[in-house]
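Okay, so here's the structure we're looking at.
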Amino acid sequence: ISLSEEDIGFLSGNNKQVPDLGDHTPQEANRSATLPFASPEVLDRNCQRIFPLPLFDFEQEKNSSTGPPPNVTPHDARHDLEALFWCMTYICMTREGPGGKRRKELRPEFEDEDNTDVMELRYINYCFFSSNQKTLIHNKKKLFIVGDYDEAIVCHFHPYFESLKPLMRQWWKILRFAHKYPMFETIHQMLRNELRSTYEALLKQTPSWEDLEKTNKVLEERRKELEELRHPLQSTSSAGPEESTSAPLDMSPKSDRILRSHHPASDDTDSDMPPSSPSSMSQPRKKAKTSAMNNRK
């Protein structure tokens, strides 16, 4: 199925003029983003480009009184692709698979200050994901300009994600190209091609028995967690076999009234509780009658 511009209402009839967004300026307020994964251009309040755009027409730039400055960028498609890129990078560097548990080198209880690889891993994690906004902007912009993503970050990927290194290297090249030459029409297709190639390559790989065992263990743990979510009121403590496998508690309107009638503060008049005994009912009335007779005397 192919769609034309007229099918989506972009160019209809004789109107063949593409909208001019040259005077669009970014908002001055803070942009919405997840701090560790956002592009430095999005985090920068001044919206400054990583790579300044070349000025092809100096006279036009000189006489232009409207529109954003040449090195100010609005939020566009490349920033979305970059956010996903940093998220994937963070997973490959800080997690161990399968299951997504935090790798032992980054856990608080792990102590090995003499290991330079561990200390460098922690330092890189801080510089690009765990520091403040100003530091993140500076480090990510510098990384784009220098271009040593492979030497600075990819070398710290957990061994489980070794097969994703070629994808992340190509993804990085696509992003640098997009920042240098903002052409959102092409970067989507370029990334899709890389993702498809990686997917086909992963299908041809045979995982190790150790990875298969870990994967099955993680899947079993997740299955148990889902079962617990389906039956949150089911007791899993020291109850017997019959009690632990009983059906979930009935929360129908009738059972809800019964539960509330057992509550000491319940004042539900439609309670299904049996009425009090006659002796207990007559005692307050007898006291009230005696009090009234004494008042008359």
For this session: Kindly indicate, with the supporting measurements, whether the criterion side-chain contact (heavy atoms from CB on, under 4.5 Å) is fulfilled by Q205 and S163.
Result: CA-CA 9 Å; Q205 295 182 4; S163 57; 3.7 Å; yes

For this session: Check step by step if side-chain contact (heavy atoms from CB on, under 4.5 Å) holds for R103 and R95.
Result: CA-CA 5 Å; R103 59 191 300 180; R95 294 298 188 264; over 6 Å; no

Going from [atom1] on [X] to [atom2] on [Y], what distance comes out if it is rounded to the nearest 0.5 angstrom?
X: L175; Y: I187; atom1: CG; atom2: CD1; result: 7.0 Å
X: N115; Y: E120; atom1: CG; atom2: CD; result: 10.5 Å
X: M168; Y: Q170; atom1: CE; atom2: CD; result: 11.5 Å
X: D117; Y: M119; atom1: CG; atom2: CE; result: 11.5 Å

Seminar exercise, completed: All heavy atoms of P36 vs all of L136, minimum pair found to be CA-CD1, 4.3 Å

Problem set entry | Over all atoms of both residues, closest heavy-atom pair of S131 and L35 | O-CD2, 4.4 Å

Problem set entry | With I153 via side-chain contact (heavy atoms from CB on, under 4.5 Å) - residues at least two apart | W86, T89, M93, I124, F128, L143, Y149, F157

For this session: Using the test side-chain contact (heavy atoms from CB on, under 4.5 Å), find all partners of A38 that sit at least two apart in sequence or belong to another chain.
Result: A33, L43

SB check [X] [Y] (cutoff 4.0 Å):
X: R230; Y: E227; value: yes
X: E228; Y: R223; value: no
X: K141; Y: D44; value: yes
X: R78; Y: E41; value: yes
X: K214; Y: E210; value: yes

Considering only heavy atoms from C-beta outward, does the side chain of [X] approach that of [Y] to under 4.5 Å?
X: Q189; Y: N193; value: yes
X: L195; Y: L191; value: yes
X: P40; Y: I50; value: yes
X: C127; Y: T135; value: no

Exercise. Would you call the rings of F177 and Y181 parallel, tilted or perpendicular, where under 30° means parallel and over 60° means perpendicular?
Worked result: tilted

Problem set entry | E220 and N216 side chains, donor-acceptor separation under 3.5 Å | no

Exercise. Taking atom types as modelled and ignoring hydrogens, do the side chains of N125 and H156 form a donor-acceptor contact shorter than 3.5 angstrom?
Worked result: no

Problem set entry | Output field: ring centroids W172/F144 closer than 6.0 Å | yes

Are [Y] and [X] co-members of a hydrophobic cluster defined by side-chain heavy atoms under 4.5 Å apart?
X: Y126; Y: V118; value: no
X: V218; Y: Y160; value: no
X: L84; Y: F37; value: yes
X: W171; Y: F51; value: yes

Problem set entry | With H179, the side-chain hydrogen bond (donor to acceptor under 3.5 Å, both in side chains) member among E82, R49, H79 | E82

For this session: May I ask you to establish whether K104 and F110 are in a cation-pi arrangement, using a distance under 6.0 Å from NZ or CZ to the six-membered ring centre and at most 45° from the ring axis?
Result: no

Exercise. Do other residues, nucleotides or ligands put more than 12 heavy atoms under 6.0 Å from the NZ atom of K165?
Worked result: yes

Exercise. Does CD belonging to E151 count more than 12 external heavy atoms closer than 6.0 Å?
Worked result: no

For this session: Quick one: do L164 and M88 satisfy side-chain contact (heavy atoms from CB on, under 4.5 Å)? Show the steps, please.
Result: CA-CA 10 Å; L164 295 182; M88 285 287 295; 4.1 Å; yes

For this session: Applying side-chain contact (heavy atoms from CB on, under 4.5 Å), run through H138 and K134 and close with a yes or a no.
Result: CA-CA 6 Å; H138 172 79; K134 184 177 181 180; 5.9 Å; no

